[in-house]
Amino acid sequence: MKLATWNINSLKVRLPQVLDWLAANPVDALCLQELKLPDEKFPLEAFTEIGYQANWAGQKTYNGVAVITRGAGTDVQRNLPAYDDHQQRIIATTLDSPMGDIRVISAYCPNGQSIGSDKYEYKLEWFKALRSWLRDELQRYPRLAILGDYNVAPKDEDVHDPLKWIGDVLVSEPEREAFGSLLELGLSDAFRQFEQEEKSFTWWDYRRYAFRRNAGLRIDHVLLSQALQPYCTACVIDKAPRANEQPSDHVPVIATLDFAAALA
DNA sequence: ATGGTAGACCATCTA
């Protein structure tokens with residue numbers, strides 16, 4: 001089973017790239033962020049034509065998340081139930097697997113804009129609400145994967161130039177603590193369970209030739225519950241789509257779960 | 001210190 005996440009920064013612009021990517025990477029679930037389109041503009045047919053189903057929470061202009069899946073999802077949940085928020089940042093669905101139900105969540109965590117701004121306070125509040133919801137969700141669904149754009153580089157090794165970024169949004173200590181508070185629930189950062197190349201990033205600013213200079217951050221993550229982590233055999237970043245014409249500023253992250261040994 | 005680019009949308013906002 002393969003699970004992936006990709007912040008595509010406008011599904012309208014990136015739809016052809018997403019379809020191409022799925023053809024080349026037929027994952028079981030692809031979590032998308034920053035759809036930037038309202039519910040009624042979601043291109044469902046484009047996905048059904050290639051054998052996928054979809055659940056989404058759209059919004060005009062900003063935000064918006066989706067989970068593209070091979071099978072039909074059940075128990076679909078939009079947004080954080082106990083956090084009143086018009087920004088569409090969460091969609092959750094339950095997939096069938098040889099191990100039983102697996103909860104898959106696509107998350108677009110707030111950016112925070114700048115330290116001390118209203119948006120930064122909102123980001124920290126939102127993470128608290130996310131943590132609280134995830135605690136309950138893990139009780140209901142021990143096999144849980146939450147994938148998305150967390151807008152947090154967890155450690156200095158996830159930052160191209162840590163000195164330049166000290167105290168900045170996306171790397172500040174309160175944000176890293178917020179991210180760490182999710183790990184305290186028993187979630188693990190799948191990417192760091194494996195040997196990885198140094199300077200592995202998932203996002204590069206469009207400006208100043210950041211991709212060419214590999215001036216990036218690792219802010220897109222796959223978090224796996226304790227029940228799922230033992231089955232994860234790989235977690236990789238696919239940098240290829242950043243070289244496309246009109247690329248997203250983020251690239252996909254893919255986690256592989258292998259249940260064969262457990263079922264043998 | 002500012003601005004650089006991209007996307008949504010036609011003046012800025014968000015990232």
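Every heavy atom of this structure was used, including side-chain atoms; hydrogens, water molecules and symmetry mates were not. Numbered from 1 within each chain, the chains take letters A, B, ... in sequence-line order.
Using a 4.0 Å cut-off between charged side-chain N and carboxylate O, A:Arg78 and A:Asp39 make a salt bridge. Between A:Asp189 and A:Lys155 no salt bridge is recorded (no basic side-chain N to carboxylate O distance below 4.0 Å). Note on A:Arg70 versus A:Asp96: no salt bridge recorded, every NZ/NE/NH1/NH2 to OD/OE distance being 4.0 Å or above. We find that A:Asp101 and A:Arg140 are not joined by a salt bridge, their nearest charged nitrogen and carboxylate oxygen being 4.0 Å or further apart.
Between B:dT2 and B:dA6, the two P atoms lie 23 Å apart (nearest whole Å). Nucleotides B:dA15 and B:dC9, compared at atom P, are 15 Å apart to the nearest Å. Annotation: B:dA11 and B:dA1 have their P atoms spaced 33 Å apart (nearest Å).
No contact: A:Phe211 has no heavy atom under 4.0 Å from any strand.
Rounded to an integer number of Å, the gap from CD of A:Glu245 to C1' of B:dA6 is 14 Å. The OH-C1' distance, from A:Tyr209 to B:dG3, rounds to 14 Å in whole Å. Here B:dC13 presents its C1' atom at 13 Å from CG of A:Asn9, a figure rounded to the nearest Å. Across the protein-nucleic acid pair, A:Arg14 atom CZ and B:dA6 atom P stand 10 Å apart, rounded to whole Å. Across the protein-nucleic acid pair, A:Leu32 atom CG and B:dG7 atom P stand 16 Å apart, rounded to whole Å. Atom CD in A:Gln113 sits roughly 6 Å away from atom P in B:dA15 (whole-Å rounding). Following rounding to the nearest Å, A:Asp168 (CG) and B:dA1 (P) show an atom-to-atom distance of 14 Å. Following rounding to the nearest Å, A:Gln59 (CD) and B:dA15 (C1') show an atom-to-atom distance of 14 Å.
Side-chain atoms of A:Tyr206 lie closest to B:dA6 of the nucleotides B:dA6, B:dC9, B:dT14. Side-chain atoms of A:Lys60 lie closest to B:dC9 of the nucleotides B:dC9, B:dG7, B:dG3. If you check B:dA15, B:dA8, B:dG4 against the side chain of A:Val13, the one that comes closest is B:dA8. Of the listed nucleotides (B:dC13, B:dG3, B:dA15), B:dC13 has the atom at the smallest distance from the side chain of A:Tyr62.
When the side-chain nitrogen and oxygen atoms of A:Arg207 are compared with OP1 and OP2 of B:dA15, none of them lie within a distance under 4.0 Å. Between A:Gln87 and B:dT14, a side-chain N or O to OP1/OP2 separation shorter than 4.0 Å is absent. Look at A:Lys12 and you won't find any side-chain N or O under 4.0 angstrom from OP1 or OP2 of B:dA8.
Nucleotide B:dT5 forms a pair with B:dA15, judged by Watson-Crick or G-U wobble geometry with both contacts under 3.5 Å. B:dC10 is unpaired under the Watson-Crick or G-U wobble criterion, no partner having all donor-acceptor distances under 3.5 Å.
Annotation: side chain of A:Lys119 is not in contact with side chain of A:Pro110 (no heavy-atom distance under 4.5 Å).
Pairing each heavy atom of A:Lys123 with each of A:Tyr150, the nearest pair is CE-O, 4.3 Å.
DNA chain B is contacted by both A:Ser10 and A:Asn63; A:Ser10 maps to the nucleotide lying nearer its 5′ end (nearest heavy atom per residue). The 5' end of DNA chain B is approached more closely, in terms of each residue's nearest nucleotide, by A:Gln246 than by the other of A:Asn151 and A:Gln246.
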